[in-house]
Amino acid sequence: MHVVVNAAMSADGKLSTRERTQLAISDDADFERVDRLRAESDAVAVGVGTVLADDPSLTVKSSSLRADRVDAGRAANPARIVADSRARTPADATVLDDAAETYVLVSEAAPVERRSALAERGATLVTAGEERVDLLRAFATLQDEGLEDIMVEGGGELIFSLFDAGLVDELSVFVGPQIVGGREAPTLADGEGFVEAFPALSLSDVERVGDGVVLTWTVDR
Ligand SMILES: NC(=O)c1ccc[n+]([C@@H]2O[C@H](COP(=O)([O-])OP(=O)(O)OC[C@H]3O[C@@H](n4cnc5c(N)ncnc54)[C@H](O)[C@@H]3O)[C@@H](O)[C@H]2O)c1
Ligand SMILES: Nc1nc(=O)c(N)c(NC[C@H](O)[C@H](O)[C@H](O)COP(=O)(O)O)[nH]1
């Protein structure tokens, strides 16, 4: 399995505002790069915080990239993965529509009626972990399902946990030309934070995009 985290942050490192509502940091050129990354992936993953804040579709926007996938014998859109310990994904969330297959990763603590509601909407549930999703186990199950190339779009809570679990192979970040500020605003890696054994990165690419820059690192092992 190969896991790429991709996100967009302001010049001061924020993924959105202190109100945690969706904020377009990427410009059109960067959203096109994100679309190409999605099109290359078997699945696109987010945390339920992002589903609740943004209601994303996580589909490939370019019809020619979707057609290329179909020509290659793949589904038009990559699968979608939502890490959702307590099955809080709303039944009417866009990620549950029929544009792509959707896996919801839940813990044992997810209420039965919430799980049933998601299963009724066609989601495939993967249960791993007691209170919180055990990402190592859940991702092993996804690999058994044939998902090899995973793109993670955020948010900061999920990204921190994936680094903590040693699951990230590559990180690409668009750093955009604005200041957002706010000590409560989400950053690239939130969660508890590391105080030692910081994941170390090696820079593999730097690309100017408009007034921003895309930084790509591989994660040292
Ligand atoms: N700029 C960007 O690239 C970008 C990308 C995605 C999200 N966002 C923004 O980020 C914010 C949402 O991010 P967030 O950090 O609040 O939520 P998140 O999307 O990271 O989701 C966190 C949730 O994931 C679930 N989860 C399950 N297992 C987990 C585990 N092992 N570790 C951590 N979480 C686990 C939990 O229920 C948790 O509440 C929104 O404001 C959104 O707009 C920005
Ligand atoms: N690359 C990127 N740049 C941004 O400026 C931004 N705000 C996000 N945010 C990621 C988040 O998951 C969004 O909700 C999805 O990018 C929406 O995806 P859709 O268009 O609904 O498919 N991602």
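Owing to the predicted nature of the structure, the values given are computational and were not obtained by experimental measurement. Every heavy atom of this structure was used, including side-chain atoms; hydrogens, water molecules and symmetry mates were not. Both counts, for ligands and for their atoms, begin at 1 and track the order of listing.
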For [atom], the protein heavy atom that lies nearest, with its residue and separation:
atom                    : answer
atom 15 (O) of ligand 1 : Glu157 N, 2.9 Å
atom 12 (C) of ligand 1 : Thr50 OG1, 3.6 Å
atom 2 (C) of ligand 1  : Ala8 O, 3.5 Å
atom 3 (N) of ligand 2  : Ser26 OG, 2.6 Å
atom 39 (O) of ligand 1 : Arg88 NH2, 3.3 Å

What are the atoms of ligand 1, with element, lying closer than 4.0 Å to any heavy atom of [X]?
X      : result
Arg20  : 14 (P), 15 (O), 16 (O), 40 (C), 41 (O)
Ser161 : 30 (C), 31 (N), 32 (N), 33 (C)
Gly154 : 6 (C), 19 (O)
Ala53  : 40 (C)
Ser85  : 26 (N), 27 (C), 28 (N), 37 (O)
Leu158 : 20 (O)
Arg132 : 30 (C), 32 (N), 33 (C), 34 (N)
Gly155 : 6 (C), 7 (C), 13 (O), 15 (O), 18 (P), 19 (O), 20 (O)

So does [Y] get a backbone contact from the side chain of [X], meaning a donor-acceptor N/O pair under 3.5 Å?
X      : Y      : result
Asp134 : Ala128 : no
Arg66  : Lys61  : yes
Arg208 : Gly210 : yes
Arg115 : Ala87  : no

If we only count N/O pairs under 3.5 Å, is [X] in contact with ligand 1?
X      : result
Leu23  : no
Pro186 : no
Asn6   : no
Leu15  : yes
Asp54  : yes
Glu153 : no
Ala7   : no
Val133 : yes

Check if Val48 has a non-hydrogen atom at a distance under 4.0 Å from any atom of ligand 1. yes

4.0 Å heavy-atom contact, Arg86 with ligand 1: no

Taking it one step at a time, do Asp68 and Arg36 satisfy salt bridge (charged side-chain N to carboxylate O under 4.0 Å, His left out)? CA-CA 11 Å; Asp68 290 348; Arg36 288 193 296 275; over 6 Å; no

side-chain hydrogen bond (donor to acceptor under 3.5 Å, both in side chains), that's the test. Do Thr187 and Asp190 meet it? Break it down for me. CA-CA 6 Å; Thr187 70; Asp190 291 329; 2.5 Å; yes

At under 4.0 Å between heavy atoms, which part of Ile25 makes contact with ligand 2: side chain, backbone, both or neither? both

Residues Ala7 and Leu188: closest non-hydrogen pair is CB-CD1, 3.7 Å

Where ligand 2 meets [X] - atom numbers and elements under 4.0 angstrom, heavy-atom basis:
X     : value
Leu58 : 19 (P), 22 (O)
Phe31 : 2 (C), 3 (N), 4 (C), 5 (O)
Ala8  : 2 (C), 3 (N), 4 (C), 5 (O)
Thr50 : 12 (O)
Asp54 : 11 (C), 13 (C), 14 (O)
Val34 : 1 (N)
Leu23 : 5 (O), 6 (C), 7 (N)

Among [options], closest by any non-hydrogen atom to [atom]:
atom                    : options                     : result
atom 18 (O) of ligand 2 : Arg33, Glu153, Lys61, Arg38 : Arg38
atom 25 (C) of ligand 1 : Ala83, Ser26, Gly191        : Ala83
atom 17 (O) of ligand 1 : Ser16, Gly49, Gly47, Ala185 : Gly49

Approximate separation, where rounding is to 0.5 Å, of Arg114 CZ and Thr89 OG1: 7.5 Å

Spacing of Leu167 atom CG and Leu158 atom CG [to the nearest 0.5 Å]: 10.0 Å

Are Phe174 and Leu23 co-members of a hydrophobic cluster defined by side-chain heavy atoms under 4.5 Å apart? yes

Measuring to protein heavy atoms, does anything land under 4.0 Å from atom 13 (C) of ligand 2? yes

Please check if atom CG in Asp98 has more than 12 non-hydrogen atoms from other residues, nucleotides or ligands closer than 6.0 Å. no

Examine Pro56 against ligand 2 and note whether any of their N/O atoms are separated by less than 3.5 Å. no

If you measure every N or O of Gln22 against every N or O of ligand 2, does any of those distances drop under 3.5 Å? yes

